[in-house]
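Step one of this worksheet: look at the structure below.
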4 protein chains.
Amino acid sequence: KRRLFEVIFQSHTPSAKLFDIILFMLILASIIILMLETIPALGSKYYLPFKMVDFFFMIIFTIEYILRIICVKSPRKYIFSFYGMVDLLAILPSYLEFIFPQSHLLMLVRSFRLLRIFRIFNMVKFLDESRMLLFAIIRSFRKIVIFLFFVVLLAIFLGSVMYVIEYEHNPGFTSIPQSIYWSIVTITTVGYGDVAPMTALGKIFASFIMILGYAIIAVPTGILSSDLSRRYARKKISIRCDECLYEDNPD
Amino acid sequence: KRRLFEVIFQSHTPSAKLFDIILFMLILASIIILMLETIPALGSKYYLPFKMVDFFFMIIFTIEYILRIICVKSPRKYIFSFYGMVDLLAILPSYLEFIFPQSHLLMLVRSFRLLRIFRIFNMVKFLDESRMLLFAIIRSFRKIVIFLFFVVLLAIFLGSVMYVIEYEHNPGFTSIPQSIYWSIVTITTVGYGDVAPMTALGKIFASFIMILGYAIIAVPTGILSSDLSRRYARKKISIRCDECLYEDNPD
Amino acid sequence: KRRLFEVIFQSHTPSAKLFDIILFMLILASIIILMLETIPALGSKYYLPFKMVDFFFMIIFTIEYILRIICVKSPRKYIFSFYGMVDLLAILPSYLEFIFPQSHLLMLVRSFRLLRIFRIFNMVKFLDESRMLLFAIIRSFRKIVIFLFFVVLLAIFLGSVMYVIEYEHNPGFTSIPQSIYWSIVTITTVGYGDVAPMTALGKIFASFIMILGYAIIAVPTGILSSDLSRRYARKKISIRCDECLYEDNPD
Amino acid sequence: KRRLFEVIFQSHTPSAKLFDIILFMLILASIIILMLETIPALGSKYYLPFKMVDFFFMIIFTIEYILRIICVKSPRKYIFSFYGMVDLLAILPSYLEFIFPQSHLLMLVRSFRLLRIFRIFNMVKFLDESRMLLFAIIRSFRKIVIFLFFVVLLAIFLGSVMYVIEYEHNPGFTSIPQSIYWSIVTITTVGYGDVAPMTALGKIFASFIMILGYAIIAVPTGILSSDLSRRYARKKISIRCDECLYEDNPD
């Protein structure tokens, strides 16, 4: 049982690494299959093979889930942990599909299986580089969230103004929420073009919003750049100051 | 009266914080209601409930406005301050709507109520992170404005050239201002696609503009990154140089 | 004559500053008029007023040009300088228009008047911030140009591959140059949508190009950020090292 | 034979430089011709001249290839090297075209000639600035790849969610892979607009994805900026620390 725990939950021993890689492949394969099933041309042509592969993955991931519950010290803690819930929610839909094959909410239920993608997130997050990256992002997180909050407020304000300018002349600006959607599309420089200004004043105002979006994209980049630079700079100091007798290694 | 002033205008005491949070919620709710009203499907179906909620917010914000005038030392100064004007302009439309319900300029007048969004700006600007961010942006402000001025000049120039290239072959390039609008859409990498080059020469020139826009987006980012880094670096120096006897804290 | 030179060519005395501001306003006004003339609705309605204003600007700028030639030491040098050519080319079209009002190349000739925009560039480039900015951009110029050269090579390569993938199934990919235009639109994240991939393989490849463009936008920004930071860092060193006796100011 | 080797493979002597420049021009010309041939209007009109120019380049590059094999020490090593393969694959299609002029796979085969573009990459990579740039990119490469991997995972997840939201109401979201394509178009801020959300919930979710994409574009930029800054900073240290007796030049 202890060996099983090491193999499934840890990744230090060779057999544990092998288990991780095989599991990663299986999850990836099951996600790809799930996606291909939704393509109408493929979904109807290869209905039976897809069902069989689904069944195969259902068995595999059920066994894995049961093994995890068996070998863990506190099964309850695992079941109600985030990844425990993900594991369960990713298996359940397959069973529901077998029991209620004609369910109305079938697609919604099936989409839960895509939660498996979180397990890939979980696996790759242990890579060294991604940890450093995540660390830097988390440090800048609050600042970036506040910045984004300002962007959203700005988008609401500019979208509302644009609505007043355009709504009588442009069938695309049907309401303020629609207008805010447009202003977010514009300020983030995505620019679908499904809604675009038509009046002269609207185009002038839209140009202003675009230039604004072009300028403020510098803010999150500036925050992250200086935060990352600061981390390196701190390391640099600790190297240089070794003649100053005390190691300077805060945080 | 003094207690009232503390609760409404400051945010140190628990009751003042509670007041701020409730007001924030009310403003947010009133803005969301205003937006939903403009959706045609909702606006006609729930006409009466919307009117009642509008009336409710009108009463609430009128009381708040009167309380602010009462408890402030110099009511005149408050009324003619920026936020005093915002408060007033955000209430007035509701009354105008009651008096002239069939007004032609109704939508324009109603949109003034959206000015309340400035009050949310005012509230969140006291958060620590946003103050730091604003400080950095303000420091880089002049440089970024001058950069944007160059971008606009460039857009005017490139748009005019594009007009000469495209106007005979492309129904989208109807005039130079329209062509400048297109060049701003392109240089900021928004790219709606409502106007796009059609001639071979136009496409080559547009490609050049895109690559230019792709390169010069680096400028505002570079300015802000180095300004933010500089601020941190300065702090670093003042820490390190404490053995050099004098604190180095310019500007 | 000397006073005239000071007023027109320099900007230290109050009268010279006044002259600069008036000239700036006149150029700006003439450019705006030129643009408005091209709007079909306005151009035909106010044909006569526009002609009169054009005539007025023609007289004004001709006088200015003659004054410049008179007061400068070497008229020849001024005439063949860049801004001398710009001044001349911006006046000539007005005369050509009077002589050949029905010219075929009228629009091309008229567009030369927009060269006046260069004079605005010339005026604002003396601002302190813009000089610093230009300095930083010029320093990074070679690196950025080489980067852009790589981007163009990449766009040519990716566009050619995309042509092979899409040309049989998509009416938008008519030729390799058209396909390269598309890949530049995509890699710079402009994304008009006038040409978009249609085959499954094309969409996968396009996704790859987008993610590539999303990643390499970091390169010019990184170059400029580090160059700007370096400049500040250098200043920092020269301040700190004043105890090391020698000023450190390389390059 | 040795002189030939110097001229063809190296670039120190004047004749070698001349050879490089002429070859660069010829490759560039042949690529431009290849592209122009695909434009339907030109391709049919100037069929014969294009064929003749193709034939000319075929002869030239065949001679060059033979000369390279002759003068190199180990012809086998050259033939199976990356650039040896590129050279061969860029000539072969011309011969295949002569032998099977009506081939079905003609376009695919001809496109191989575009591999010549790699040779231009090879030539310019020796420029000093591009080497420095490449060095910085390579250093940040692993981090950026991991970042992009996260972006792709995120796009898969968000695209799948969007599919569940939109697929019943929007003819553009036909399958999950199509939906992922849309989410990549959105997250990278390209925004073609060929697929756009239509439901209210879809627009809200799309706004969230756009703002996310707008924020995380900061990550690769931040990584590269700080890496480039670090390199310069390190040089700075090694200069400053020459009084500390030992040169600090790690990695």
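Owing to the predicted nature of the structure, the values given are computational and were not obtained by experimental measurement. All values below come from the heavy atoms of this structure, side chains included, with hydrogens, waters and symmetry mates left out. Protein chains get the first letters and strands the later ones, always in sequence-line order, with residue 1 at the start of each.
More than 12 heavy-atom neighbours from other residues, nucleotides or ligands sit within 6.0 angstrom of CZ on F50(D). Counting heavy atoms of neighbouring residues, nucleotides and ligands inside a 6.0 Å radius, atom OH of Y46(A) does not exceed 12 of them. By the neighbour-count criterion of 12 heavy atoms within 6.0 Å, atom OH of Y95(A) is densely surrounded, having more than that number from other residues, nucleotides or ligands. When the shell of 6.0 Å around NZ of K51(A) is examined, it contains more than 12 heavy atoms from other residues, nucleotides or ligands.
Contact of the S160(D) side chain with the M35(A) side chain is registered, since non-hydrogen atoms from C-beta on lie closer than 4.5 Å.
Smallest separation of non-hydrogen atoms from T188(A) and Y214(D): CA-CD1, 3.6 Å. For the pair L224(A) and A218(D), the tightest heavy-atom approach, listed with the atom from each and the gap, is CD2-O, 3.6 Å. Of all the heavy atoms in A196(D) and D194(A), the pair that sits closest is CB-OD2, 3.5 Å. Nearest heavy atom pair, residue P220(A) against residue A215(D), reads CB-O, 4.2 Å.
Summarising the geometry, atom OG1 belonging to T186(A) is positioned 9.0 Å from atom CE belonging to M210(D); distances are rounded to the nearest 0.5 Å. Note that CZ of F157(D) and CD1 of I31(A) are 10.5 Å apart. Values are rounded to the nearest 0.5 Å.
Contacts with chain D were tallied for G191(A), G213(A), S225(A); S225(A) has the most, counting heavy-atom pairs under 4.5 Å. The choice from T221(D), I211(D), T189(D), I217(D) that makes the most heavy-atom pairs within less than 4.5 Å of chain A is T189(D).
Looking at Q178(A), only its side chain comes within 4.5 Å of chain D, counting heavy atoms on both sides. Interface remark: V145(D) contributes no atoms to any contact with chain A (heavy atom separation under 4.5 Å). Heavy-atom distances place no part of I180(A) under 4.5 Å from chain D, backbone and side chain included. Heavy atoms closer than 4.5 Å to chain D are found in both the backbone and the side chain of I216(A).
Under a 3.5 Å cut-off, the side chain of Y192(D) and the backbone N or O of G193(A) do not form any donor-acceptor pair.
Side-chain contact check for Y167(D) and T38(A): no donor-acceptor pair (N or O, by modelled atom type) lies under 3.5 Å.
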